[in-house]
Every structure is written in structure tokens, then in C-alpha cells.
Amino acid sequence: MPQRYTTVARRGTHETEVKGSRFICALAPADTERAAQEFVREIRALHPNATHNCAAYVIGADGRIQRSDDDGEPGGTAGTPMLQMLMRRGVRDVAAVVTRYFGGTLLGAGGLVRAYGGAVGKALDAVGTVTRERMLLAEVEVDHQRAGRLENDLRASGRPVRAVHYGARGVRIEVGLPSAEAGAFGTWLADTTAGAATLRMAGTEYTAT
């Protein structure tokens with residue numbers, strides 16, 4: 001799996017016009033194929049009278065799932081250029097739907113390819129992207145007396161505190177770490193808490209940076 005990847009910053013839409021036809025591109029983060037398909041259905045339900053609702057999505061940090069749908073446009077002129085634009089921009093875990101309201105002028109195959117691909121590219125520019133980095137998930141157990149200071153020290157050292165859980169017997173602090181920092185973090189934690197904290201590695205997860 002890659003160490004980092006790019007995805008859309010948020011859900012959003014952007015509209016362009018080409019020779020009287022309206023092209024409305026809706027984008028959304030989607031980390032599963034089911035989420036992408038639900039988004040496509042949602043947008044199609046919002047525009048039941050549109051001429052076409054074409055779709056494309058890329059799922060997985062490595063882009064392992066790629067799908068596109070021309071929704072009645074000539075084969076390869078809508079969903080394919082939309083997918084190609086997502087791949088060219090290096091965007092992953094994303095779903096795109098371009099809704100077209102026909103304006104009365106035929107665009108031809110080349111014009112459709114440019115219009116649909118361009119709509120996705122302009123929407124990506126408008127909505128924005130974020131980088132997600134693969135982080136180690138560390139769980140630190142410490143007593144209540146040291147928890148507050150340790151949390152402050154973690155934040156001050158630039159280590160993202162993901163969650164803090166208070167229990168009857170102690171406090172569990174979840175921390176995200178770059179992969180290369182695991183060993184150094186264990187040493188830092190032992191020094192900072194005089195050996196009073198315990199550390200457990202709890203897998204990996206992609207986190208926005």
C-alpha cells in the first residue's frame with residue numbers, strides 16, 4: 001500500500017457550460033465501492049430529468065477499484081474521460097457524477113470527452129484535495145495523574161492525539177505516528193513518563209495531514 005495518497009477535501013459541486021449544455025459535476029469522498037454507488041444513486045435522484053448522469057469512481061489508496069458509466073452517452077465519451085481525469089490527477093477514494101442538461105447543440109465524440117473530463121478537472125480545482133498519510137496507531141496507557149501532562153507533551157511534540165479515553169483504572173491515549181517513528185516514540189514515551197506508561201501498536205490507518 002502507498003504511504004500517502006490524495007483525495008477530495010469534501011463533498012461539493014461545480015457547474016460548467018459548453019455550447020448551451022450544462023455540466024454539473026458532483027464529487028464526494030468514498031472509501032468503499034458501496035459508498036461510491038450510493039453517492040451515484042443520490043445524485044441521480046436529485047436530477048431525474050437530466051439528459052444524462054454519468055459516473056466514475058476510484059476506490060483504494062492504490063486505485064484497485066475503478067469503474068465508469070456513460071449513462072447513455074456514446075461509449076467511452078463520458079465515464080471514461082471522467083475516470084481518466086481522476087487517475088491523471090492521482091485522486092483516490094473518490095466518486096464523481098457529471099449531470100448533463102442538453103442545450104440543443106451536439107458536441108461530437110471529441111467535444112463530449114473534453115466536456116466530461118474537463119467538468120471533473122474543474123470540480124477538483126473548485127472543491128480541493130487533501131493528502132492522507134498512512135500512520136501507525138499507537139495506544140498509550142497511563143494513570144490519571146500523568147495523563148493530562150502526557151497529552152500536552154504529545155501535542156507539543158507534534159504527534160497527533162486521535163482520542164483520549166478515561167477509565168476507572170487509567171487513561172488510554174490514541175496517537176498517530178509516521179511508520180519510521182515507532183522505535184523513537186517508544187524511547188521518548190519511556191523517558192517522558194519515567195517508564196510509567198505502556199505502549200501497544202494497534203495497526204495502521206490513513207489520516208489527513
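Side chains are part of it too, since the values below use all heavy atoms of this structure and drop only hydrogens, waters and symmetry mates. What you are looking at is a predicted structure, and each value in this text was computed from that prediction instead of being measured.
Atoms CD and CD1, on Glu141 and Ile173 in that order, are 9.0 Å from each other to the nearest 0.5 Å. Residue Thr6 holds its OG1 atom at 11.0 Å from CZ of Arg89, rounded to the nearest 0.5 Å. A distance of 11.0 Å separates OG1 in Thr99 from NE2 in His52, rounded to the nearest 0.5 Å. For the atom pair CZ of Arg200 and CZ of Arg172, the computed distance is 8.0 Å after rounding to the nearest 0.5 Å. Distance check, rounded to the nearest 0.5 Å: CG of Leu189 to CG of Leu150 gives 6.0 Å. The NE2 atom of His14 lies 7.5 Å from the NZ atom of Lys122; values are rounded to the nearest 0.5 Å.
Residue Leu86 comes nearest to Ala56 through the heavy atom pair CD1-O, 4.1 Å, listed as atom of the first residue, atom of the second, then distance. Across Arg44 and Asn53, no two heavy atoms sit closer than the pair NH2-O, 2.9 Å. The two residues Glu73 and Cys54 have their closest heavy-atom pair at CG-SG, 3.9 Å. Heavy atoms only, all atoms of each residue included: Ala119 and Thr16 are closest at CB-OG1, 4.2 Å. Residues Tyr116 and Met82 come closest through the heavy atom pair O-CG, 3.8 Å. Nearest heavy-atom pair, Leu199 versus Gly186, reported as atom, atom and distance to 0.1 Å: CD2-CA, 3.9 Å.
Put simply, the side chain of Arg162 never gets that close to the backbone of Glu174: no donor and acceptor are under 3.5 Å apart. Checking side-chain atoms of Thr80 against main-chain N and O of Thr77 turns up no donor-acceptor pair under 3.5 Å.
Atom CD of Gln3 has more than 12 neighbouring heavy atoms from other residues, nucleotides or ligands inside a 6.0 Å radius. The number of heavy-atom neighbours closer than 6.0 Å to CZ of Arg134, taken from other residues, nucleotides and ligands shown, is above 12. When the shell of 6.0 Å around CZ of Arg169 is examined, it contains 12 or fewer heavy atoms from other residues, nucleotides or ligands.
Salt bridge absent: Arg146 and Asp153 never bring a charged side-chain N and a carboxylate O closer than 4.0 Å.
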May I have the list of side-chain donor-acceptor pairs in residues 19-31 shorter than 3.5 Å, sequence neighbours left out?
from  : atom 1 : to     : atom 2 : distance (Å)
Ser21 : OG     : Arg100 : NE     : 3.4
Ser21 : OG     : Arg100 : NH2    : 3.2
Ser21 : OG     : Gly103 : N      : 2.9
Arg22 : NE     : Glu15  : OE2    : 2.7
Arg22 : NH2    : Glu15  : OE1    : 3.4

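Each of Val91, Val58, Asp93, Val130 was scored for a side chain to side chain contact (heavy atoms under 4.5 Å, CB included) with Tyr5, with one residue passing: Asp93.
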Run the side chain to side chain donor-acceptor pair (under 3.5 Å) check on Thr32 and Arg34 step by step: do they pass? CA-CA 5 Å; Thr32 65; Arg34 180 178 178 179; over 6 Å; no
